[in-house]
Amino acid sequence: MFMKFNSVRGTKDICPPEIELWQYLEKTAVELLQDYGFSEIRTPIFEESGLFNRSIGEDTDIVEKEMYTFADKKGRSLTLRPEGTAGVVRAAIENNLLAQGNLTKLYYLGPMFRYERPQAGRYRQFYQIGAESIGSSSYWRDVEIILWCVEFFSRIGLSGIKVYINSVGCPECRPGYREVLQKFLQENTTQLCADCQRRMVRNPLRVLDCKVETCRQVVSRMPAIQNYLCQSCRDNFQDIQQALQKENITFTVDKFLVRGLDYYTQVVFEIKSENLGAQDAVAAGGRYDKLVKELGGPDMPAVGFALGMERVSEVLKKQRAGALMETWVDIYFALLGKQAQQESFNFIRDLRQSGLKVEACLEDKSLKNQMRQADQGKAKLTVIIGEEEIRKGIAMVRDMQTKEQKEIKLNDLVSFLKELKLK
RNA sequence: GUGGCUGUAGCUCAGCUGGUUAGAGCGCUAGUCUGUGGCACUAGAGGUCGCGGGUUCAAAUCCCGUUAGCCACCCCA
């Protein structure tokens, strides 16, 4: 009996030609990150569960119900990383990358795992590219990161994106606002949905982005966090807005923007695409000034972001997939007969070594078929070698655009093709 | 985790109220064109009708379950 297997729920294969798009995105992102002074760091895909509980927050949905947590053979509780920041911060501390008073800029890319119900733009294994600037409290670092995102999206030619920002305060002022909020919600508890009545107690900030109509009405009358920020948070929020304006980055202040990870402080941002469904955030991030210390490192402020590869490639596919998913070869060898295959294999090997993209038909197909393969492979040149050519010691070289064909001696073929400068 | 929609050839889908050998377009292979691509015509290959059960003389079609995908909620990148 044969068994057929499928990829597990919420995971998928990235096949050609889509992978061309991914490679393009990764390459563009990495180049731009390096231009901004970030260095790559690769951390393990699983960590001690406690790392995520501690950094993301015990009361968050991610930790509560979305983590792939398992016990290894020694009974240690491990978790597949649901996001990148915690691991990067842990690694930076552990490897003494954080020198007091210095700035450390790191980027990462790779798969993350969350047990959620799959949907468009939401997978259980999904890929993120992200970066962290650790060691600076300058709001220009926040701006730098938002600017990176804006520039990245413009560089890959993505339109229809919008930047949203908000300030979620700091340990000084957030507790105060939280209390005000809780009090307000308690007074209006009868108008809240069941979920929000639960949130009200545990994480009242989350009521802010509830979509239920009655909750929204309550929310619209709710005290805004801006009015409860401490002086330094308020200044910081002002400074960033001014800086963004100065840099011509258009943004919207969304006073309901709350992030689902507890470690954020002060300014958080989200970049959304108009061309996606409900899962429309393509990149997001913010400042997390307390996390490094929280994880046993020096008391260092930090700011970072992550972008979702699936979502970005999804939008890009709609907007300009054709050009980016194209593949081609420089030279295609159409071969007829055993001897032609034997003679040509060396040529092909030689040409490939010199950096040309070469493909050949080694499968005894009709010439018509081979020509079609060459055409579909978008070959620039096709080299035809059959029994007659072998006998005469030549090859037919056909220019696929002009349809011009000329005879080249087999001895001269490789050097002739190399000199054409097809690259 | 909740609700709705869907699952028929490699791909996109049609198959009405259950009735003989399950269809189309695209793609693929071949021929027209004795060894030359992109067009056209012709022919051919290719299907456990998601899976399991039930109703029935008879199920791709009706019912139940299950699984996967999509959409929304939730959450987030």
Side-chain angles (χ1 to χ4, degrees), chain A residues 2 4-12 15 56 60-67 81-85 109-130 149 193-196 198-199 203 206 209-213 215 257-261 268-273 276-286 304-315 332 334-337 340 361 363 365-390 396-405:
Chain A
F2 295 104
K4 191 187 168 198
F5 295 97
N6 299 103
S7 72
V8 313
R9 187 160 156 87
T11 69
K12 66 164 186 172
C15 303
I56 298 168
T60 60
D61 278 31
I62 294 179
V63 168
E64 251 183 14
K65 45 191 190 193
E66 294 176 1
M67 294 208 305
R81 61 182 184 195
E83 58 101 43
T85 302
L109 73 181
M112 307 293 162
F113 306 83
R114 285 181 207 171
Y115 191 91
E116 296 183 90
R117 181 138 165 192
Q119 190 184 319
R122 190 166 77 183
Y123 301 92
R124 290 182 173 177
Q125 173 171 339
F126 59 99
Y127 289 79
Q128 286 190 339
I129 298 179
C149 292
C193 69
D195 280 335
C196 285
R198 183 172 50 81
R199 288 188 190 112
N203 203 344
R206 301 228 58 85
D209 53 12
C210 184
K211 309 292 188 298
V212 178
E213 186 51 35
C215 295
L257 177 60
V258 186
R259 317 252 52 243
L261 296 86
V268 293
F269 71 94
E270 213 164 87
I271 297 180
K272 295 184 183 181
S273 165
L276 288 172
Q279 313 302 320
D280 60 354
V282 290
F305 82 95
L307 69 85
M309 284 290 288
E310 287 81 1
R311 294 180 188 178
V312 175
S313 90
E314 201 56 41
V315 197
Y332 190 89
L335 305 170
L336 295 163
C361 184
E363 282 83 24
K365 298 267 176 80
S366 69
L367 183 58
K368 186 186 174 90
N369 181 297
Q370 298 192 44
M371 291 305 290
R372 185 155 58 231
Q373 298 305 323
D375 187 49
Q376 289 177 352
K378 299 197 176 58
K380 293 171 194 159
L381 292 180
T382 301
V383 175
I384 302 164
I385 305 177
E387 282 156 22
E388 210 175 311
E389 284 78 9
I390 291 288
M396 302 293 302
V397 176
R398 181 182 177 88
D399 184 311
M400 295 302 277
Q401 288 237 287
T402 65
K403 299 184 181 181
E404 274 175 56
Q405 230 167 265

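Computed from a predicted structure; not experimentally measured. Protein chains get the first letters and strands the later ones, always in sequence-line order, with residue 1 at the start of each.
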Problem set entry | Pairwise C1' distance for B:U61 and B:U36, with rounding to whole Å | 49 Å

Taking the P atom in each of B:A24 and B:A45, what is the distance between them to the nearest angstrom? 12 Å

Rounded to whole Å, CZ of A:Arg372 lies from C1' of B:G35 at a distance of 15 Å

So what does A:Gly84 hit on the nucleic acid, given a heavy-atom distance under 4.0 Å: a base, only sugar-phosphate, or nothing? nothing

If you compare every side-chain N and O of A:Thr382 against the phosphate oxygens of B:G37 (OP1, OP2), does one of them come in below 4.0 Å? no

Closest to the 5' end of RNA chain B, once A:Gln279 and A:Gly285 are matched to their nearest nucleotides, is A:Gln279

Q.
Checking A:Gln125 against A:Met112 for the side-chain contact (heavy atoms from CB on, under 4.5 Å) test, could you report, in this order, the C-alpha distance in whole Å, the side-chain angles of both residues, the deciding distance, and whether it holds?
A. CA-CA 6 Å; A:Gln125 173 171 339; A:Met112 307 293 162; over 6 Å; no

B:G37 OP1/OP2 closer than 4.0 Å to side-chain N/O of A:Gln401: no

Here the distance between atom C1' of B:C75 and atom CZ of A:Arg311, to the nearest Å, is 9 Å

Under 4.0 Å between any heavy atoms, over every strand shown, what does A:Tyr332 touch: base, sugar-phosphate, or nothing? Just pick one. nothing

Could you tell me whether A:Glu270 contacts a base, only the sugar-phosphate backbone, or nothing, with contacts defined as non-hydrogen atoms closer than 4.0 Å? nothing

Open item on the list: Tell me if a side-chain donor or acceptor on A:Arg81 pairs with a main-chain N or O of A:Pro111 at a distance below 3.5 Å.
Closed with: yes

| task | Is it possible for you to check whether A:Arg124 lies under 6.0 Å from the centre of the six-membered ring of A:Phe113, through NZ or CZ, and within 45° of that ring's axis? | result | no

Report task. Would you check, one step at a time, whether the test side-chain contact (heavy atoms from CB on, under 4.5 Å) holds for A:Leu335 with A:Ile385? Result -> CA-CA 5 Å; A:Leu335 305 170; A:Ile385 305 177; 3.9 Å; yes

Closest heavy-atom pair, A:Thr382 versus A:Met400, reported as atoms and distance to 0.1 Å, is OG1-SD, 3.0 Å

Ranking B:A68, B:C28, B:C73 by distance to the side chain of A:Arg9, first place goes to B:A68

Using a distance-only criterion (donor-acceptor N/O pair, under 3.5 Å, no hydrogens), is the base of B:G1 paired with the side chain of A:Glu66?
no

The residue, A:Glu387 or A:Lys272, whose nearest nucleotide of RNA chain B is more 5′ is A:Glu387

Stem ranges of RNA chain B by first residue number, counting only runs of at least 3 Watson-Crick or G-U pairs under 3.5 Å, come to B:1-7 with B:67-73, B:10-13 with B:23-26, B:28-32 with B:40-44, B:50-54 with B:62-66

Determine the interatomic distance between C1' on B:G65 and the same-named atom on B:C28; round to the nearest Å. 38 Å

Using atom C1' in both nucleotides, what's the gap between B:A72 and B:G25 to the nearest angstrom?
32 Å

Interatomic distance, CD@A:Gln279 vs CD@A:Glu310, rounded to 0.5 Å, equals 12.0 Å

Taken to the nearest whole Å, NZ/A:Lys365 to P/B:G31 is 13 Å

Does A:Met309 reach a base, just sugar-phosphate, or nothing at all? Heavy atoms under 4.0 Å.
nothing

Does any N or O in the side chain of A:Gln373 come within less than 3.5 Å of the main-chain N or O of A:Cys361, such that one atom is a donor and the other an acceptor? no

To the nearest 0.5 Å, atom CD1 of A:Ile62 lies from atom CD of A:Glu83 at 7.0 Å

Do any N or O atoms from the side chain of A:Glu270 and from the backbone of A:Leu257 form a donor-acceptor pair under 3.5 angstrom? no

Practice problem: Provide the distance between the two P atoms, one in B:C16 and one in B:A59, to the nearest whole Å. | Solution: 16 Å

>> Over all strands shown, is A:Ala284 touching base, sugar-phosphate only, or nothing at heavy-atom distances under 4.0 angstrom?
In response: sugar-phosphate

note: A:Asp61, atom CG; B:A77, atom P; distance rounded to Å ~ 12 Å

dist A:Met396:CE -> A:Glu388:CD (nearest 0.5 Å) comes out at 9.0 Å

Out of B:G35, B:G37, B:C76, minimum distance to the side chain of A:Glu388 belongs to B:G35

A:Lys368 atom NZ is separated from B:C39 atom P, nearest whole Å, by 10 Å

A:Tyr123 OH to B:A68 C1', in whole Å, measures 14 Å

Exercise for the section: Please check the phosphate of B:U29 (OP1 and OP2 only) for any side-chain N or O of A:Asn369 closer than 4.0 Å. Expected result: yes

Can you tell me how far C1' in B:U29 sits from the matching atom in B:C13, rounded to whole Å? 23 Å

Report task. May I ask you to verify whether the side chain of A:Arg122 and the base of B:C70 hold a donor-acceptor pair under 3.5 Å? Result -> no

Separation of B:C75 atom P from A:Asp280 atom CG, nearest Å, is 14 Å

Item checked: Touch class at under 4.0 angstrom, heavy-atom based, for A:Glu314 against every strand present -> nothing

Report task. Ignoring backbone atoms, test whether A:Gln119 places a side-chain nitrogen or oxygen under 4.0 Å from the OP1 or OP2 oxygen of B:A77. Result -> no

Taken to the nearest whole Å, CD/A:Gln370 to P/B:G37 is 12 Å

Checklist line | Rounded C1' spacing from B:C71 to B:G15 in Å | finding: 25 Å

Phosphate OP1/OP2 of B:G37: any A:Arg398 side-chain N/O under 4.0 Å: no

| query | Using the P atom in both, what is the distance from B:G10 to B:G46, to the nearest Å? | reply | 11 Å

For the base of B:U2, is there a side-chain donor-acceptor partner from A:Arg117 under 3.5 Å away?
-> yes

